[in-house]
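What follows is a set of notes on a single structure, which appears directly below.
Heavy atoms only: backbone and side chains are in, while hydrogens, waters and symmetry mates are out.
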Amino acid sequence: MKLNTERLELIPLTPSQLRLWCSDLTALEQELCCTYEAEPMEGIFLEIVKGQADITDNDQDNYLWHTFWFLVRKSDRVVVGAADFKDIPDDNCEVEIGYGLGKEHEHKGYMTEAVRTMCDWALSQENVKHVTAETEADGTGSQNILKRCGFSLNRSGETLWWRL
């Protein structure tokens, strides 16, 4: 399964592709016929992806909710970013979305396209009524993406929580 926007192809990584992303980016680029220019695979981000790979291995029936989706620019097959749903929908029929772009691809509308399309897909699933997202209080770029996608501020504290 893949999703498409005007400029992007959104590709959910299989469990084996998640592992390649953590261990052999060149092999993953070859498999997907793409060039990776998204967030560097290091530090806490690498640990998060490794954790999601473990979860995906153990719940392959729900891998679309656990995996990361590559945002591949159609014009040149460059991976500009990645997004994910952080878990299966909860008892309140809510699912949280997260996302990030490579620095050189910010402020070009890619993430707004991707978030809008992924949220549309999520809300079309029978067990999802709301999509949530968390931003830093000073994360105006991420907050603007959410506002453009129709999210409203739901809770504030050390971080801000948004809901669609």
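Here D138 pairs with nothing under the salt bridge (charged side-chain N to carboxylate O under 4.0 Å, His left out) rule; sequence neighbours left out. Partners of Y63 under the side-chain hydrogen bond (donor to acceptor under 3.5 Å, both in side chains) rule, at least two apart in sequence or in another chain, do not exist in this structure. With sequence neighbours excluded, no residue forms a side-chain hydrogen bond (donor to acceptor under 3.5 Å, both in side chains) with N92. Legend: residues meeting side-chain hydrogen bond (donor to acceptor under 3.5 Å, both in side chains) with T159, ordered by chain and number and at least two apart, are E134. Applying the salt bridge (charged side-chain N to carboxylate O under 4.0 Å, His left out) rule to E113 yields the partners R7; only residues at least two apart in sequence or on another chain are considered. Annotation: salt bridge (charged side-chain N to carboxylate O under 4.0 Å, His left out) contacts of E96 (sequence neighbours excluded): K86. For the salt bridge (charged side-chain N to carboxylate O under 4.0 Å, His left out) test, residues two or more places apart in sequence or in another chain that qualify with R19 are D54, D57.
Nearest heavy atoms, A53 versus L18: CA-CD1, 3.8 Å. The minimum heavy-atom distance between M111 and A82, with the atom names listed, is CE-O, 4.0 Å. Between V128 and A122, the shortest heavy-atom distance links the atoms CB-O, 3.2 Å.
Cluster membership for I97 and L10, using ILVMFWY side-chain heavy atoms within less than 4.5 angstrom, is shared. The cluster map of Ile, Leu, Val, Met, Phe, Trp and Tyr, joined by side-chain heavy atoms under 4.5 Å apart, puts F85 and I48 in different clusters. Connection of M1 to W65 is established within a shared hydrophobic cluster, with ILVMFWY side chains joined at heavy-atom distances below 4.5 Å, either directly or through further cluster members. Linking ILVMFWY side-chain heavy atoms closer than 4.5 Å, directly or via other members, places L13 and V78 in two distinct hydrophobic clusters. Under the 4.5 Å side-chain heavy-atom criterion for Ile, Leu, Val, Met, Phe, Trp and Tyr, V49 and V80 are members of distinct hydrophobic clusters.
Sorted by first and then second residue, the ring pair (Phe, Tyr, Trp, His ring centres under 6.0 Å) pairs with a member in residues 38-62 read W21-F45, F45-F68; sequence neighbours excluded. Annotation: side chain to side chain donor-acceptor pair (under 3.5 Å) contacts involving residues 25-35, sequence neighbours excluded, comprise Q17-E31. A side chain to side chain donor-acceptor pair (under 3.5 Å) check over residues 119-133, counting only residues at least two apart or in different chains, returns the pairs H130-R163.
Contact annotation: the side chain of L164 approaches that of L123 to within less than 4.5 Å [non-hydrogen atoms, C-beta and beyond]. Contact annotation: the side chain of Q60 approaches that of P15 to within less than 4.5 Å [non-hydrogen atoms, C-beta and beyond]. For the pair I88/D59, a side-chain contact is recorded, criterion being any heavy-atom separation below 4.5 Å from C-beta on.
Atoms CD and CG, from E37 and L71 in turn, are 13.0 Å apart once rounded to the nearest 0.5 Å. Here CG of L153 is found 5.0 Å from CH2 of W162. Values are rounded to the nearest 0.5 Å. How far NE2 of H66 is from CD1 of I55: 6.5 Å, rounded to the nearest 0.5 Å. Here CD of E9 is found 13.5 Å from CZ of R73. Values are rounded to the nearest 0.5 Å. Summarising the geometry, atom CG belonging to D84 is positioned 12.0 Å from atom CZ belonging to F70; distances are rounded to the nearest 0.5 Å. Rounded to the nearest 0.5 angstrom, E39 CD and L46 CG are separated by 11.5 Å.
Results of the side chain to side chain contact (heavy atoms under 4.5 Å, CB included) test with W69 over L64, L8, T117 single out L64 as the only residue that passes.
The hydrophobic cluster containing W161, built from Ile/Leu/Val/Met/Phe/Trp/Tyr side-chain heavy atoms closer than 4.5 Å, comprises no other residue.
Between the side chains of Y110 and T5, no donor-acceptor pair is found at a separation under 3.5 Å.
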Is there a side-chain contact (heavy atoms from CB on, under 4.5 Å) between L28 and Y36? Walk through the geometry before answering. CA-CA 9 Å; L28 181 58; Y36 186 83; over 6 Å; no
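Salt bridge status for E6 with K74: absent, with no side-chain N to carboxylate O gap under 4.0 Å.
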Check residues 144-152 and write down every donor-acceptor pair under 3.5 Å in which the side-chain atom is one partner and the other belongs to a residue at least two apart or another chain.
{"residue": "N144", "atom": "ND2", "partner": "T140", "partner atom": "O", "Å": "3.2"}
{"residue": "R148", "atom": "NE", "partner": "T112", "partner atom": "OG1", "Å": "3.2"}
{"residue": "R148", "atom": "NH2", "partner": "T112", "partner atom": "OG1", "Å": "3.2"}

